[in-house]
Amino acid sequence: MEKHPKIYEPDLDSPRGKGKFYNLMMFPYPSAEGLHVGNMYAFVGADIYGRKKRMEGYDVFEPIGLDGFGIHSENYALKIGKHPKKVAETTAKNFYNQLNLIGNGFAWDERLETYDPDYYKWTQWIFVQMFKKGLAYRKKAKVNWCPKCLTVLADEQVLAGECERCASKVIKKELEQWFFRITEYAERLLNDLEKIDWSENVKIAQKNWIGRSEGAEIVFSLEGASQPSITVFTTRPDTLFGATYIAISPELAKSWLDSGWQAPADVGAFVGRCLKAREVPRSDEEPSFAEATAGKEKTGIFTGIYAVNPVNQEKIPVWVADYVLAGYGTGAIMAVPAHDQRDFWFAKKYNLPIKIVICPNYPEKTCPMLDAAYEGEGHLVGSGEFDRMPSAEARRAIAGKLGAAIKVNYHLRDWLISRQRYWGPPIPMIHCEKCDWQPVPEEDLPVLLPDVKDFHPTGTDRSPLATVESFVKTKCPKCRGAARRETDVSDTFLDSAWYFFRYPDVENKKEPFSQARAKTWLPVDMYIGGAEHAVLHLLYTRFLTKVFHDWGLVDFDEPFRKFRAHGLLIKNGAKMSKSRGNVVNPDDYIKKYGADVFRMYLMFLGPFEQGGDFRDEGIAGVVRFLERVRRVFGGAQKGMADDGEVILHRSVKKISEDIDGLHYNTAISQLMILLSALESGCGEGERKIFLKLLAPFAPHTAEELWRKLGENDSIHRASWPEYDEAKTRSATAVIVVQVNGKVRDKFETDTGASDRELKDRVLLLPRIKEIMKGAMPKNIIIIPDHLVNIVL
RNA sequence: GGGCAGGUGGCGAAACUGGCAGACGCGAUAGGCUUAGGACCUAUUGCCGCAAGGCAUUGUGGGUUCAAAUCCCACCCUGCCCACCA
């Protein structure tokens with residue numbers, strides 16, 4: 001650890017040079033196997049970017065830490081039968097050693113680990129503030145439950161509907177849980193995407209995840225029900241005349257039954273069956289839409305109730321249907337079989353009427369026969385006064401006529417924070433019979449995770465902490481009466497949603513971070529990480545940042561100015577996995593080839609944002625390259641060849657631009673091209689420029705050769721080379737001569753030749769004359785310094 | 001089913017804003033160097049041809065253009081994410 005040369009020492013209070021540059025990479029969650037090559041890939045890519053910024057004169061802050069709390073670590077501890085805390089200690093050591101080996105310019109003094117009480121104290125503090133501000137609340141929610149392991153599982157631990165450890169069928173269990181009201185921020189999270197420079201695909205993923213849809217709430221009055229009316233949400237009020245039944249979710253039916261609805265006998269049984277079926281989470285194995293939706297039989301039952309369509313007073317039946325979701329909209333829909341595929345299947349099955357009200361054939365009179373729902377736009381038919389109106393217009397017209405409320409719905413759900421697990425920050429809440437839920441007073445934070453022997457899941461609905469009486473029993477902060485602590489811990493995503501605020505101020509004992517430090521260093525200038533976090537992690541960080549902004553802690557409301565997702569590394573064309581046995585262990589490669597070769601090879605595989613295919617054979621190229629570099633630097637100095645200067649200036653330009661655009665693979669090709677030029681002869685000036693260009697990629701080699709040239713200060717503090725645009729252009733150009741678009745000849749000439757000159761010269765070329773056979777060209781296209789195309 | 005990314009030599013991949021397809025690297029072949037092997041150096045590496053030269057070619061089929069890997073339309077395939085969201 002100490003061996004690492006500290007070349008990066010940002011001044012955290014007043015950044016030097018051109019100012020601060022916060023270069024962040026997603027911190028890893030340490031697993032037992034050690035740092036994954038995918039992490040290395042991400043970190044090296046991010047470090048190259050940061051190192052160039054440093055050489056450009058920015059004060060670069062590049063911190064690293066460990067996302068050590070959470071299920072991954074806990075499961076490993078369970079597996080090997082060691083306490084998570086002990087495991088964390090050893091894995092931390094390993095991880096930092098490995099991170100040290102890859103040669104990144106980390107700010108080693110500002111590390112943080114999420115399981116450190118000095119850190120999670122503030123994670124808990126955030127929870128308390130959330131509660132105080134009304135952003136944390138409790139409600140019932142379903143969790144995955146393994147009946148054999150007797151524990152709650154995270155979604156990612158459920159494989160094909162089975163527990164990943166014991167392969168028992170997982171069921172859904174309803175428990176009361178803590179939530180954060182992220183939905184309150186849905187609109188801002190959506191709109192503010194426009195003001196940040198992020199990979200476009202990630203923005204789109206977030207947009208879809210938030211899933212805004214605008215529609216109308218339409219009220220149908222009911223006959224024969226215990227309720228007077230029912231409200232449905234629809235994005236297509238224009239199809240209202242085509243509604244031939246109402247479908248309600250089993251959950252809604254259940255609540256009606258519970259509140260005294262006298263339903264036909266088999267309705268209760270049907271509802272029971274549906275709810276039971278929903279306890280089994282959908283498996284990964286079920287392929288495709290066919291199983292998940294289309295092929296999965298939609299079932300339902302008539303309730304005996306009728307609803308009155310408010311637009312035409314038509315009486316339509318009310319059904320309970322298993323395809324209606326409880327958690328979205330109002331839990332009830334108006335079914336329009338002609339214009340919704342699911343309703344169409346359902347209507348076919350139960351012989352319900354299918355009534356076309358949107359015709360795609362306007363102005364022709366005939367509407368098509370439907371063998372599937374028509375979900376597109378068209379003109380209204382069979383819709384009374386609205387006939388012939390375009391459907392888009394009719395949406396507003398029909399909703400308007402009914403005075404229906406315009407309503408915006410989001411797919412985004414509130415953030416479930418509770419985990420019935422051990423290895424996380426205890427949720428800092430106390431329950432008192434008299435005073436209900438009370439937050440732990442801030443001066444009592446952190447609520448330390450008790451160092452229990454038995455951290456195994458308990459077999460009840462509770463976290464293992466529930467069995468620790470000394471932990472559970474406490475006093476109510478309000479009335480001082482006997483009370484009990486919340487025993488669940490919080491989601492790991494909460495730990496990682498704010499860590500970058502803490503990095504510039506890890507020693508702070510009084511607050512999560514000082515406003516001064518935050519003002520100096522935040523927001524993050526460049527964030528690099530995996531696309532798999534496109535929604536959850538990146539959405540939570542944005543949410544929390546907006547919350548901090550609203551609390552007045554910071555004056556910005558987006559955490560990362562720029563975010564780029566790196567691609568996925570695969571091995572020999574296949575995804576790496578333990579079962580395939582094709583996992584690249586970075587340590588082996590670093591040991592064998594050294595960090596510089598490994599770094600460069602990773603970056604040379606393919607475009608950083610697209611990932612690459614790791615093949616052992618390919619490493620030789622980079623090994624040879626660095627050996628050639630040493631040979632050139634060991635050789636005598638002499639002048640460069642004639643075209644050397646152009647290649648040098650072009651290389652500086654290309655490599656600079658490529659690093660800025662994360663095109664590291666082509667930057668390395670250019671280094672290779674430049675090296676070939678240097679091999680034919682080079683002086684000290686060219687050597688230094690080359691080393692500077694090499695430094696971000698191969699920091700150790702570059703440093704060593706730099707010192708051999710007699711430099712006393714680190715190359716990583718040297719200035720990034722500049723180029724002269726004029727010198728990137730060569731004095732001559734090769735002109736391609738085409739006839740009818742086919743290349744027929746080429747010649748070299750001075751750059752800047754006029755169209756006239758080029759034309760005259762081309763027409764005199766013997767080969768061209770021969771091809772033309774005296775014919776008159778119809779047209780001659782001239783691209784200066786580049787190409788002449790003769791059209792015959 | 002939806003969203004996103006992608007499909008180019010034996011392989012990993014390049015190609016700015018439409019202008020020489022295959023940069024750079026791996027592998028392969030031949031030669032040099034070497035006692036030998038490795039390393040290294042040189043040349044070749046889409047097809048035909050001794051060569052000059054010719055021909056083909058960027059998943060498939062159409063189109064636009066003097067000119068298309070690049071733009072447009074339809075389709076096929078692969079990967080990732082989401083998935084009964086009314």
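Reckoned from all heavy atoms, side chains included, excluding hydrogens, waters and symmetry mates. Predicted model only: the values in this text are computed from it and were never measured.
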Novice: Rounded to whole angstrom, note down the C1' distance from B:U35 over to B:A30.
Specialist: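 Taking atom C1' in both B:U35 and B:A30, they lie 22 Å apart.
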Novice: Counting distance alone, no hydrogens or angles: does the base of B:C4 have a donor or acceptor under 3.5 Å from a partner atom on the side chain of A:N201?
Specialist: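 Answer no: no donor N or O sits under 3.5 Å from an acceptor.
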Novice: Closest to the A:I333 side chain: B:C84, B:G19, B:A86?
Specialist: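 The answer is B:A86, which lies nearest to the side chain.
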Novice: Answer with base, sugar-phosphate or nothing: what part of the nucleic acid does A:L787 contact at a heavy-atom distance below 4.0 Å?
Specialist: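 Answer is base: heavy atoms of A:L787 come under 4.0 Å of a base.
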Novice: Starting the side chain at C-beta, find the nucleotide from B:C84, B:C26, B:A23 nearest to A:A620.
Specialist: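 For A:A620, the side-chain atoms sit closest to B:C26.
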Novice: Identify, between A:Y410 and A:E679, the residue whose nearest nucleotide on RNA chain B lies closer to the 5' end.
Specialist: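 It is A:E679, whose closest nucleotide lies nearer the 5' terminus.
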Novice: Just the rounded figure in Å: distance from C1' of B:C16 to NZ of A:K653.
Specialist: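 Atom-to-atom, A:K653 to B:C16, this comes out as 9 Å.
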Novice: Under 4.0 Å between any heavy atoms, over every strand shown, what does A:V791 touch: base, sugar-phosphate, or nothing? Just pick one.
Specialist: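 Touches sugar-phosphate only.
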Novice: On the 0 to 90° scale, with breaks at 30° and 60°, tag the A:W198-A:F563 ring pair as parallel, tilted or perpendicular.
Specialist: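 Rings of A:W198 and A:F563: tilted, 30 to 60°.
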Novice: Grab the CH2-C1' distance between A:W345 and B:A86 for me, whole Å please.
Specialist: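 So the two atoms are 14 Å apart, to the nearest Å.
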Novice: Is there a side-chain contact between A:R615 and the phosphate of B:A13, meaning an N or O under 4.0 Å from OP1 or OP2?
Specialist: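 Checking A:R615 against B:A13: no side-chain N or O falls below 4.0 Å of OP1 or OP2.
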Novice: Counting the atoms with a prime plus P, OP1 and OP2 as sugar-phosphate, which does A:R767 contact under 4.0 Å by heavy atoms, base, sugar-phosphate, or nothing?
Specialist: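 Sugar-phosphate, no base atom in range.
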Novice: When the distance from CG of A:L605 to P of B:G25 is rounded to whole Å, what number comes out?
Specialist: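 In whole Å, B:G25 P and A:L605 CG are 15 Å from each other.
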Novice: Rounded to the nearest Å, what distance is computed from the CZ atom of residue A:F604 to the P atom of nucleotide B:G12?
Specialist: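 The distance from CZ of A:F604 to P of B:G12 comes to 14 Å, rounded to the nearest Å.
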Novice: Counting only side-chain nitrogens and oxygens, does A:S213 get under 4.0 Å of the OP1 or OP2 atom of B:A86?
Specialist: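 Yes.
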Novice: Once you apply a heavy-atom cut-off of 4.0 Å, does A:V622 come out as touching a base, just sugar-phosphate, or nothing?
Specialist: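 Here A:V622 touches no strand at all.
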Novice: Consider only side-chain N and O atoms of A:R628 and A:S676, and report whether a donor and an acceptor are under 3.5 Å apart.
Specialist: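 A pair is found: one side chain offers a donor N or O, the other an acceptor, under 3.5 Å apart.
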Novice: Find which nucleotide of RNA chain B each of A:E627 and A:R744 is nearest to by heavy atoms, and output the residue with the more 5' nucleotide.
Specialist: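 The residue mapped nearer the 5' terminus is A:E627.
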Novice: Out of A:F614, A:Y593, A:Y589, A:Y41, which residue meets the ring-ring contact (aromatic ring centres under 6.0 Å, His included) rule with A:Y601?
Specialist: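 When A:F614, A:Y593, A:Y589, A:Y41 are each tested with A:Y601, the ring-ring contact (aromatic ring centres under 6.0 Å, His included) holds only for A:F614.
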Novice: B:G3 P sits how many Å from A:I204 CD1, rounded?
Specialist: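 Distance, rounded to whole Å: 11 Å.
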Novice: Are OP1 or OP2 of B:G27 and a side-chain N or O of A:R624 less than 4.0 angstrom apart?
Specialist: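 Yes, because at least one side-chain N or O of A:R624 sits under 4.0 Å from OP1 or OP2 of B:G27.
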Novice: State which of B:A21, B:A23, B:A14 makes the closest approach to the side chain of A:P607.
Specialist: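 My answer, after comparing the listed nucleotides, is B:A14.
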Novice: Does a side-chain N or O from A:K575 land closer than 4.0 Å to OP1 or OP2 of B:U78, or not?
Specialist: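 Checking B:U78 against A:K575, no side-chain N or O comes under 4.0 Å of OP1 or OP2.
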Novice: Once you round it to whole Å, what is the distance between P of B:A5 and CG of A:L569?
Specialist: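 Atom-to-atom, A:L569 to B:A5, this comes out as 21 Å.
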Novice: For A:R413, is the CZ atom crowded, meaning more than 12 foreign heavy atoms sit under 6.0 Å from it?
Specialist: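 Atom CZ in A:R413 is crowded, with more than 12 foreign heavy atoms closer than 6.0 Å.
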Novice: Name the nucleic acid region contacted by A:N409, choosing base, sugar-phosphate or nothing; use a 4.0 angstrom heavy-atom cut-off, strictly under.
Specialist: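 It contacts nothing in the nucleic acid.
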Novice: Who does B:A43 pair with, Watson-Crick or G-U, both distances under 3.5 Å?
Specialist: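 Partner of B:A43: B:U29.
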Novice: Let's see if you can work this out: which of B:C40, B:C84, B:G19 has an atom nearest to the side-chain heavy atoms of A:R631?
Specialist: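 So the nucleotide nearest the side chain must be B:C40.
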Novice: Please name the nucleotide paired to B:G53 by Watson-Crick or G-U wobble geometry with both distances under 3.5 Å, or report none.
Specialist: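 Matched B:G53 with B:C48 under the 3.5 Å cut-off.
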Novice: Among the candidates B:A23, B:A86, B:C20, find the nucleotide nearest to the side-chain atoms of A:I673.
Specialist: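 Minimum distance to the A:I673 side chain belongs to B:A23.
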Novice: Would you please indicate yes or no on a ring centroid separation below 6.0 angstrom for A:Y323 and A:W345?
Specialist: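 No, the ring centres sit 6.0 Å or more apart.
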Novice: For B:U78, which nucleotide is its Watson-Crick or G-U wobble mate, given both distances must be under 3.5 Å?
Specialist: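 Its partner is B:A5 (Watson-Crick or G-U wobble, both distances under 3.5 Å).
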Novice: Enter syn or anti for the glycosidic conformation of B:G9, syn applying to angles within 90° of 0.
Specialist: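 Base orientation relative to the sugar is syn.
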Novice: Within the 4.0 Å heavy-atom criterion, would you say A:K203 contacts the bases, only the backbone, or no part of the nucleic acid?
Specialist: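 Contact class for A:K203: none.
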Novice: Between B:C66 and A:K778, counting only base atoms on the nucleotide and side-chain atoms on the residue, is there a donor-acceptor pair under 3.5 Å?
Specialist: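 For A:K778, whose side chain was compared with the base of B:C66, there is no donor-acceptor pair (under 3.5 Å).
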Novice: Whole angstroms only, please: what is the CG-P distance between A:D613 and B:U8?
Specialist: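 So the two atoms are 13 Å apart, to the nearest Å.
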Novice: Are more than 12 heavy atoms, taken from residues, nucleotides or ligands other than A:K139, located less than 6.0 Å from that residue's NZ atom?
Specialist: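 Yes, NZ of A:K139 has more than 12 neighbouring heavy atoms, counting only those of other groups under 6.0 Å.
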Novice: Would you mind telling me which of B:C84, B:G19, B:A15 lies closest to the side-chain atoms of A:Q738?
Specialist: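 Closest nucleotide to the A:Q738 side chain: B:G19.
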Novice: Quick check on B:G19: is either OP1 or OP2 less than 4.0 Å from any side-chain nitrogen or oxygen of A:N789?
Specialist: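 A:N789 to B:G19 OP1/OP2: no side-chain N or O under 4.0 Å.
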Novice: Expressed as a whole number of angstroms, how long is the span from A:Q670:CD to B:C24:P?
Specialist: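 To the nearest whole Å, that distance equals 10 Å.
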Novice: So does A:Y323 get a side-chain nitrogen or oxygen closer than 4.0 Å to the phosphate oxygens (OP1/OP2) of B:A86?
Specialist: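 Checking B:A86 against A:Y323, no side-chain N or O comes under 4.0 Å of OP1 or OP2.
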Novice: Taking the ring centre of each residue, are A:F625 and A:F604 less than 6.0 Å apart?
Specialist: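 Aromatic pair excluded; centres sit 6.0 Å or further apart.
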